[in-house]
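Note sheet for the following structure.
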2 protein chains.
Amino acid sequence: MIVAFYGKGGIGKSTIVSNLSALLADKGRKVLQIGCDPKHDSTYALAGYLVPTVTELLAKKKFVSERISAEEIIFKTACGVDVVEAGGPEAGKGCGGYVVGETVEILKRLGILGQYDYVFFDVLGDIVCGGFAVPMQYSDRVYIIAGNDFDSIFAANRISAAVAEKGHFHTVRLAGIIGNRCDEANFLEIFCKASQVTLVTCIPTSELLKKSRQEAKTIFDLSPKSKIIHLLGEIAAHLMKDLRSVNARIIPERELFEIFAKE
Amino acid sequence: MIVAFYGKGGIGKSTIVSNLSALLADKGRKVLQIGCDPKHDSTYALAGYLVPTVTELLAKKKFVSERISAEEIIFKTACGVDVVEAGGPEAGKGCGGYVVGETVEILKRLGILGQYDYVFFDVLGDIVCGGFAVPMQYSDRVYIIAGNDFDSIFAANRISAAVAEKGHFHTVRLAGIIGNRCDEANFLEIFCKASQVTLVTCIPTSELLKKSRQEAKTIFDLSPKSKIIHLLGEIAAHLMKDLRSVNARIIPERELFEIFAKE
Ligand SMILES: Nc1ncnc2c1ncn2[C@@H]1O[C@H](COP(=O)(O)OP(=O)(O)O)[C@@H](O)[C@H]1O
Ligand SMILES: Nc1ncnc2c1ncn2[C@@H]1O[C@H](COP(=O)(O)OP(=O)(O)O)[C@@H](O)[C@H]1O
Ligand code: SF4
Ligand SMILES: [Mg+2]
Ligand SMILES: [Mg+2]
């Protein structure tokens, strides 16, 4: 199954996805996690260091992507998850999403995507255009990670619109919203109800998850009995479920403002 | 003077820029504020409502931008600031920054930019490419708004690189960093020192600024004696100063990670 996780920058995508990958690898699944964010630190907690990026490699190969082989961009990690980092394009030049598009095309060309039980794209979701939208074209489903705040919910609504748009030409569907840092979830619940999308789970603010990112360790290494692992298990379980047949409703932006202005 | 304010989404650009605009208008300056963020709420506190966007108007004019006149996109506000909102492009289709580029070109074509003492672009800075980079081409200087955290400082470094790149072909220069929600500023100070950029001021977390955005009012309406106004005055004063002749140093991303990993 190929899944793309989108969400506003800083909302916790990499923290959640890398720990989810570790959970599934621990259960014996073959997992590939692909970081598609200019911060190129999606897989930091899995590898224990910042792996070389496709951007850096492309520069060495004079941007002839056909010269790139699988071993040069896919790295093994101690927890059993394989990882790739797209990297960041040169700032201020050309399309910001270019290297994400290139990375996906390279993996497709090398026949990599079909070799795993789970392929997880971890993608910047502040604006979903150009190369940043390419992972959707190859994904079975998209999950959006959001917090209980206007900015990340506004971004979630726009990502949902992008999924609907891509869904006209590809098989990708929006599977649900994953709440993060949700000590409250009132706005997320309103948003999910109004857009007819499942709220898969709500992960609270957690010192453990913060440590996971800071110390480049998964929560399995830090605290194998944490209840956060149970919540990640809820996401893993949702991956197994069939998608609902109801399409997401894109909320008109002025209506979204109203929801937050009222509360 | 034409100034572009960039920074990671949600860092407080619109809150700061709209209150700065109100301050300068209050002193008798002619100010135009142009919102260049898909959230199109940059000028909310000035107008008191969400003004019609260039995106919405372009759709009505079948995307023939030559049909757009100044009165249709520039709105007067009670505090004396004139405002424009670029709006958000259709999600998932084409270039996310397209409408920002179009908005800037329309204003240039109509000769608007030269009619004001201050023209402030308030621009999404999560990725600076395509249309999102266009305001830099017409600006005298750029200020980056950042918090004391990895994500917004990482974005600031990339914006700085984009300014350096544009600076090869245009007169734009990076003038400084404006700290926001800085109850501490240690990381900002390290970043500014390492990149040889001025830290103009540090605005603390402020219930008043939060209210300004939520109630669509400037802080002059809410609390005319607030010390926040003094800090905004420091930004206004910096606008008057000549730029330093030292160029910003772009920090290699792996070095930036090291700075945060150590502390
Ligand atoms: N549930 C959580 N509780 C506390 N901190 C979190 C949580 N989720 C993420 N974080 C922290 O937030 C920051 C951003 O997370 P990250 O996963 O890098 O975001 P993204 O990949 O969406 O940009 C990291 O410092 C991380 O440790
Ligand atoms: N100094 C501050 N203290 C407290 N809240 C702030 C401060 N600056 C901004 N905010 C709040 O942060 C949120 C995002 O601010 P906004 O100006 O919309 O960010 P941006 O324009 O960069 O996306 C708003 O709800 C605003 O009220
Ligand atoms: S398509 Fe998106 S990522 Fe590419 S240049 Fe335009 S705004 Fe940037
Ligand atoms: Mg990430
Ligand atoms: Mg804004």
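A, B, ... follow the sequence lines: proteins, then strands. Residue 1 opens every chain. No hydrogens, no waters, no symmetry mates; every other heavy atom, side chains included, goes into these values.
Atom CD of Q196(A) has more than 12 neighbouring heavy atoms from other residues, nucleotides or ligands inside a 6.0 Å radius.
For F121(B) and Y6(B), the gap between ring centers reaches or exceeds 6.0 Å. The ring of F150(B) has its center closer than 6.0 angstrom to the ring center of F257(B).
Counting heavy atoms from C-beta outward, I127(B) and D126(A) have side chains that stay 4.5 Å or more apart. Annotation: side chain of E165(A) is not in contact with side chain of E90(B) (no heavy-atom distance under 4.5 Å). Between T218(A) and L46(A) there is a side-chain heavy-atom pair separated by less than 4.5 Å. In this structure, the side chains of I145(B) and T15(B) stay at 4.5 Å or more apart for every pair of heavy atoms.
Ranked by heavy-atom pairs under 4.5 Å with chain A, the list A162(B), A161(B), A91(B), C129(B) is led by A91(B). Among I159(B), L124(B), D151(B), V163(B), the residue with the largest count of heavy-atom pairs under 4.5 Å with chain A is D151(B). Listed options C95(B), P38(B), G97(B), S152(B) were ranked by heavy-atom pairs under 4.5 angstrom with chain A; first place goes to P38(B). Comparing M136(A), E253(A), K39(A), K166(A) by heavy-atom pairs within less than 4.5 Å of chain B, the highest count is held by K39(A). With respect to chain B, the highest number of heavy-atom pairs below 4.5 Å among A133(A), G9(A), G130(A) belongs to G9(A). Comparing G94(A), P89(A), S160(A), G10(A) by how many heavy-atom pairs each has under 4.5 Å with chain B, the most go to P89(A).
Considering CZ of F132(B) and CG of D37(B), their distance stands at 7.0 Å, rounded to 0.5 Å. Distance check, rounded to the nearest 0.5 Å: CG of L256(A) to CD1 of I190(A) gives 10.5 Å.
For a residue to count as touching a neighbouring chain, one of its non-hydrogen atoms must lie under 4.5 Å from one of that chain's; by this rule L50(B) touches chain A with backbone and side chain alike. At a 4.5 Å heavy-atom cutoff, Y98(B) makes no contact with chain A through either its backbone or its side chain. Heavy atoms of Q214(A) lying under 4.5 Å from chain B are absent altogether.
The pair R249(B)-E255(B) meets the salt-bridge criterion, with a side-chain N (NZ, NE, NH1 or NH2) lying under 4.0 Å from an Asp/Glu carboxylate O.
Contact annotation for residues 171-181 of chain B against chain A (heavy-atom separation below 4.5 Å): no residues qualify.
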